[in-house]
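Some notes on the structure that comes next.
This chain uses plain numbering: 1 for the first residue, then up along the sequence.
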Amino acid sequence: MTHDSVPTYPITLDLGGRRCLVVGGGPVAARRVRGLVDSSAAVEVVSPWLCEELTGLLELGLIRWHAREYVDGDVDGMWIVHTATGDVDVDAAVASACDWSRIWCVRADSAGDSRAWTPASARAADGVIVAVSGGGDPGRARAIRDAIAASLDSGELPVRRTRLHATDSNSVGVVHLVGGGPGHPDLITTRGRRLLALADVVVVDRLAPTELLDELADDVIVVDVGKTPGRHTMTQEEINDVLVHHASLGRDVVRLKGGDPFVLGRGGEELLACQRAGVPVEVVPGVTSAVSVPAAAGIPVTHRGIASSFAVISAHDGIDAISATVSELPATMTLVMLMGVRLLCESAEVLMSSGRDPSTPVAIIESGWTEHQRTTVGTLATIARLAKQRDIQSPAVIVVGDVVHAINDPLVVSDLEFARA
């Protein structure tokens, strides 16, 4: 084997329960041991001393230690051997013994003199492993590995299973309640996007980042349950049934919702429905529109010296519910109203009758974080008239309080490209 040779036969090994040897007790040896332990190998270490990390693994019972120098015969019965002593003669002796016994040996001191190599590897959920050989350049391998790992974590690579395990047809799948953020596809969490890339079924809301659906494979089942004011595609009970049905068939289901699943998103009801049906369920938080949409218009929901707290109110339950809620809130608290366009006039009247000054600033941000974002600013006394004049439509977030003018004119800020970049 010459130093210019490049390995040409990559392979993935199942080392679970198999004896593997690492000769050496320093940090380099510890890295090799860590990989073997992660692979569930029966790891033995030969070295007169151990570094701190190896000592910790020994105390946990994850490795067996032979506290001495390497001797002939140590490689006998091993499936694979790593040598990382820092002594060229010892490493060469270990490699020679492995050659004689037909055991693969990885030399840390000289890749060119090895018969096996450990590539830089990236791991993703669901058993995906990508191994990279840099052609004798470990730095290049690590750089490529890191780039691939970032793409795996973000869900940009197609990591969904196309072949089910033999037992999958009889197993229950899992439901992930994923918050997609306020609408822009870049504002979903890394975990949410990765789960979306793994999904067999996606049950999607109208306000979710639907552009991400274009990245799904053709065989992914997409169920549109989008709701608009006054018109529902499915009832909540029907949505619950869809989630349970597909999971009961062993499918990986993502319930993709706008904002955060637990902020006026009925995620709690879906969680309970899955739990009652014995379906595993995970909640993946999202960026709620109650905070992020005002931010897109340059409006903080709290600001030092102006407002130290805020309340999120749904207008979906009617004006009586709004009245009962706001009557108990201090006048200095910022109010953020979701689904409030239809009852805007009545809500403004309730707020003023509850003690809010008619001159209190109000901002309405339509279609936040999209190219159609638009901000309208008025007061409690004028906002209903302005909304009618400008034909304001849902989806929109309404902010009531002095924070509307905490920084500068939201009408100017909302037009900046950063809000939609």
Within the 4.5 Å heavy-atom criterion, are [X] and [Y] side-chain neighbours or not?
X: Leu213; Y: Val202; value: yes
X: Val203; Y: Leu256; value: no
X: Arg64; Y: Val45; value: no
X: Ile313; Y: Val326; value: yes
X: Val23; Y: Asp91; value: no
X: Val46; Y: Arg68; value: yes
X: Thr360; Y: Leu351; value: no
X: Thr85; Y: Ser47; value: no

Listing, residues 274-286 side-chain donor-acceptor contacts under 3.5 Å, not counting sequence neighbours, or none:
from, atom 1, to, atom 2, distance (Å)
Glu282, OE1, His176, ND1, 2.8
Glu282, OE1, Arg191, NH2, 3.2
Glu282, OE2, Arg191, NE, 2.6
Glu282, OE2, Arg191, NH2, 3.0

[X] side chain to [Y] backbone, donor-acceptor under 3.5 Å:
X: Ser323; Y: Ile319; value: no
X: Asp200; Y: Asp252; value: yes
X: Asp205; Y: Leu207; value: no
X: Trp369; Y: Ser292; value: yes
X: Thr370; Y: Ser367; value: yes

Indicate the atoms forming the closest heavy-atom contact of [X] with [Y], along with that distance.
X: Gly192; Y: Val178; answer: CA-CG1, 3.7 Å
X: Cys98; Y: Val75; answer: SG-CG1, 3.8 Å
X: Asp74; Y: Leu21; answer: O-CD2, 3.6 Å
X: Pro330; Y: Arg356; answer: O-NH2, 3.1 Å
X: Pro294; Y: Val291; answer: CD-O, 3.5 Å
X: Ser314; Y: Met339; answer: OG-CE, 3.2 Å

State the [atom1]-[atom2] distance between [X] and [Y], to the nearest 0.5 angstrom.
X: Asn240; Y: Thr235; atom1: CG; atom2: OG1; result: 8.0 Å
X: Arg266; Y: Leu264; atom1: CZ; atom2: CG; result: 10.5 Å
X: Arg194; Y: Leu196; atom1: CZ; atom2: CG; result: 12.0 Å
X: Ser347; Y: Leu380; atom1: OG; atom2: CG; result: 10.0 Å
X: Ile80; Y: Ile103; atom1: CD1; atom2: CD1; result: 10.0 Å
X: Asp224; Y: Met234; atom1: CG; atom2: CE; result: 8.5 Å

Using distance alone, with no hydrogens and no angle criterion, decide if Glu366 and His372 have a side-chain donor and acceptor under 3.5 Å apart.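 No - no donor-acceptor pair under 3.5 Å links their side chains.
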Is it the case that over 12 heavy atoms from other parts of the model lie below 6.0 angstrom from the CH2 atom of Trp79?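 Not more than 12 within 6.0 Å, no.
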Val43 and Arg19: side-chain contact (heavy atoms from CB on, under 4.5 Å), yes or no, with the steps? CA-CA 6 Å; Val43 184; Arg19 293 179 65 202; over 6 Å; no
Cationic N near anionic O, under 4.0 Å, Glu270 to Lys257: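 Yes, Glu270 and Lys257 are salt-bridged.
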List the steps and the verdict of side-chain contact (heavy atoms from CB on, under 4.5 Å) for Leu177 and Val175. CA-CA 6 Å; Leu177 306 179; Val175 172; 3.9 Å; yes
From CA spacing to verdict: side-chain contact (heavy atoms from CB on, under 4.5 Å), Val301, Val403: CA-CA 6 Å; Val301 293; Val403 292; 5.7 Å; no
Please test Val81 against Val106 for side-chain contact (heavy atoms from CB on, under 4.5 Å), starting from the C-alpha separation and ending with a verdict. CA-CA 6 Å; Val81 174; Val106 182; over 6 Å; no
